[in-house]
Structures are given as structure tokens and as C-alpha cells.
Amino acid sequence: MKTELFGLFLHEITQRLADFKVPSYRARQITEWMYRQGETDFERMTNLPKELRLLLAEQCCITELSVIAEQHSKDSKTSKYLLRLADGNAIEAVLMRQSYGNSICVSSQVGCAMGCSFCASTLGGVIRNLTAGEILSQVFHFSRLLKESGGVNSIVMMGSGEPLANYNEVLRFIRLCHEEYCLNMSYRNITVSTSGLVPAIGQLAQEGLPINLSISLHAPDNEIRSQLMPINRKYPIEQVISTAGNYAQTTGRRITYEYTLIKGVNDRPQHARQLAAKIRGQLANVNLIPVNPVPEKGLLRPEAATIKEFENELKKLRITTTVRREMGSDIQAACGQLRHKTSQ
Ligand code: SF4
């Protein structure tokens, strides 16, 4: 079987080449082609000797994701791509052209096991974890597209999957993004979003990576949260919030609590007060997300006045609060609307 080079660290490529008795400086040249130029064809790596190019083509590969379908929002700010993995599975990745740069949302698993009631990504369960290379390939898909328009500026792991349920590959991906021979991206431009896997959040805090952590909270108490997010039965809200608080203290990074507002479920002023009481004193902010319609789930969006009232209640209690600007809901690329099925 050929060795997949995409997703390997420089030292691992060096090691692989050493098996072929190829000097280590060639590994640096390969990373230059593969990660800096986005080249996938060894034949076009013209500063490598012909024999090495032939050897690489025989023994190794660099897999690119192919585009199955693409959709663009009416305002052209959001583009969603359905991408095919080498084994035929499909994942979605989204580009959001923000005022502060190009932000992309990548998937970490095919499907998701978490079963959040407002989310389309979980409808078929989890199929498998993605490798670091497959997550990185989504970024490279956009880097190629955005070559002339600023490249990828920030990455959010909010596509399908629970990133912390695929901990090792996600960490590998994040570290690769930061390597100077790869994307040379600041950790501060990378956000991991989790449904609240408490032990993994604790572990992440110890990694010494100043990445942003976003917690999908979506409810002010255990009763509502367990209805919306089955994972809450395992890790109750108090544990999630206290572990997130420790993350903020250890890393110095502000936590974002994502809170999807659903009509008649979690959108009352008393819910805002309960939420504020739980997170008060933390280095944190709340991002309110008026729910996006997922037809299968029958969830409704609150009226604009209700959203405003909720926001004001939090602000009155000195909680930094934003309301997510809606991007791409006309192409079902907004949060909770990603799907892995090619048929949909
Ligand atoms: S919201 Fe995130 S964790 Fe929950 S089911 Fe969807 S993809 Fe999984």
C-alpha cells in the first residue's frame, strides 16, 4: 500500500525517505511543494531528481478531495462544498467571506454520534473519524480556491462531527496547521467547537495550545440541555461550565458559549438569567444563534423581539453577548445544517 504523505509532519516524511536512503533535505522540498504550493503530482515537483519522482509515485501518494457538489449563497459570501474522500464517503466544508478575512468551517468526522436534536449532521449517526490529512485537505481545497483572494485566514471546527471525539487526529491537524512548512497559521486563528466532552476539554487545556474553545451549551439547565443534547446526561452542564472555566484560566483564552435560541424551548428571559448566573465571573462570552430550520426536526426560530430581549437580559447582567450574523442559510450551510449524505 502506498504511503499517504498528506497529513504527515516533516520529520515523518524525513523518516519515510530515509527508508529509501533519500537525504533529509528532500523531505523539506516535498513539504514545500505539497503544503506551500498545494502540488499533488510528484511529476511536477521539478527540483526533485527524476528517479526520486518515480520512486515517490510508486511508493507514496498525495490525495486530494474531489468536489461532488457546490452551492453559493445569494450574497456570494458563503460557499458550501460537498467533498469526496478516498473511500467514497462525503463531507461538507464551508467558506465564509467575513469582513475580517476568509473563515472556513471544516468537518472532523463523517457524520456525528452526539445526536443533538437541532443538528442535521447527526441524522445518520457517525460513520468514521477523519484523519488529520483529510481535515487538512479541506483547508487546502479552499487555499487553492482563494489563492488570489487572501487565502484562508481562520479555521473553525464546527462542521460535522465532534472534534474532541477524534482527539488525536484533530490535535495532529491543529499542530500541522501551525507548522511553518505547512500553513504557518497562528493557533489563535483556530477554533475547536465541542458539545462538552469534559475529560477531553481538561486534556486540551494541558496541551499548551492557545486555540479558541467554543462550547455548544444551548440551554441554561440540565433539564433543557439533556433534551437538546443527549451528551448532557453523561456530562451535566455544571461540569461542562467549570471545566471550560478551567480551560480559560489555564490557557488565557476566552471561552465562547454557543447558545442556539429555539422558540418556546430556551428563549425566555429567565433562561438568560439562569445562564448568566452559571457563567458569571468567567473569561467568556455568549454567542446567540437563532435556530436554523432543519425540516426533519420541526424546530422554530424565536421572533426578532424575543431574541433581542434575551440578548439585552444577558447584557444587563454584564455578560458579553453577540448574536450570530446569519450566513448561508439559503444554501443550508449554516450551523447544524451540514449533512454527509450525497443524496441530500
Ligand atoms: S451539533 Fe455538533 S456535536 Fe451536536 S450532533 Fe451536530 S455535529 Fe454533532
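All ligand and atom numbering here is 1-based and tracks the order in the structure. The figures that follow rest on heavy atoms only: side chains count, while hydrogens, waters and symmetry mates do not.
- For residues 193-207, the set of pairs meeting the salt bridge (Lys or Arg N to Asp or Glu O under 4.0 Å) definition, not counting sequence neighbours, comprises R175-E207.
- When the ring pair (Phe, Tyr, Trp, His ring centres under 6.0 Å) test is applied to Y257, no partner is found at least two apart in sequence or on another chain.
- Remark: ligand 1 atoms within the under-4.0 Å shell around heavy atoms of T122 are 5 (S).
- Near C112, meaning under 4.0 Å from any of its heavy atoms, are these atoms of ligand 1: 3 (S), 5 (S), 7 (S), 8 (Fe).
- With a heavy-atom cut-off of 4.0 Å, C116 touches ligand 1 through backbone and side chain alike.
- Side-chain contact annotation: S103 with Q98, donor-acceptor N/O pair under 3.5 Å absent.
- Between S216 and ligand 1 there is no heavy-atom distance shorter than 4.0 Å.
- Close approach to G161 involves these atoms of ligand 1, each under 4.0 Å from a residue heavy atom: 7 (S).
- Between E43 and K50, at least one side-chain N (NZ, or NE/NH1/NH2) sits under 4.0 Å from a carboxylate O, which counts as a salt bridge.
- Linking ILVMFWY side-chain heavy atoms closer than 4.5 Å, directly or via other members, places L146 and L83 in a single hydrophobic cluster.
- For atom 8 (Fe) of ligand 1, the set of nearby N, O or S atoms under 2.8 Å includes none belonging to C119.
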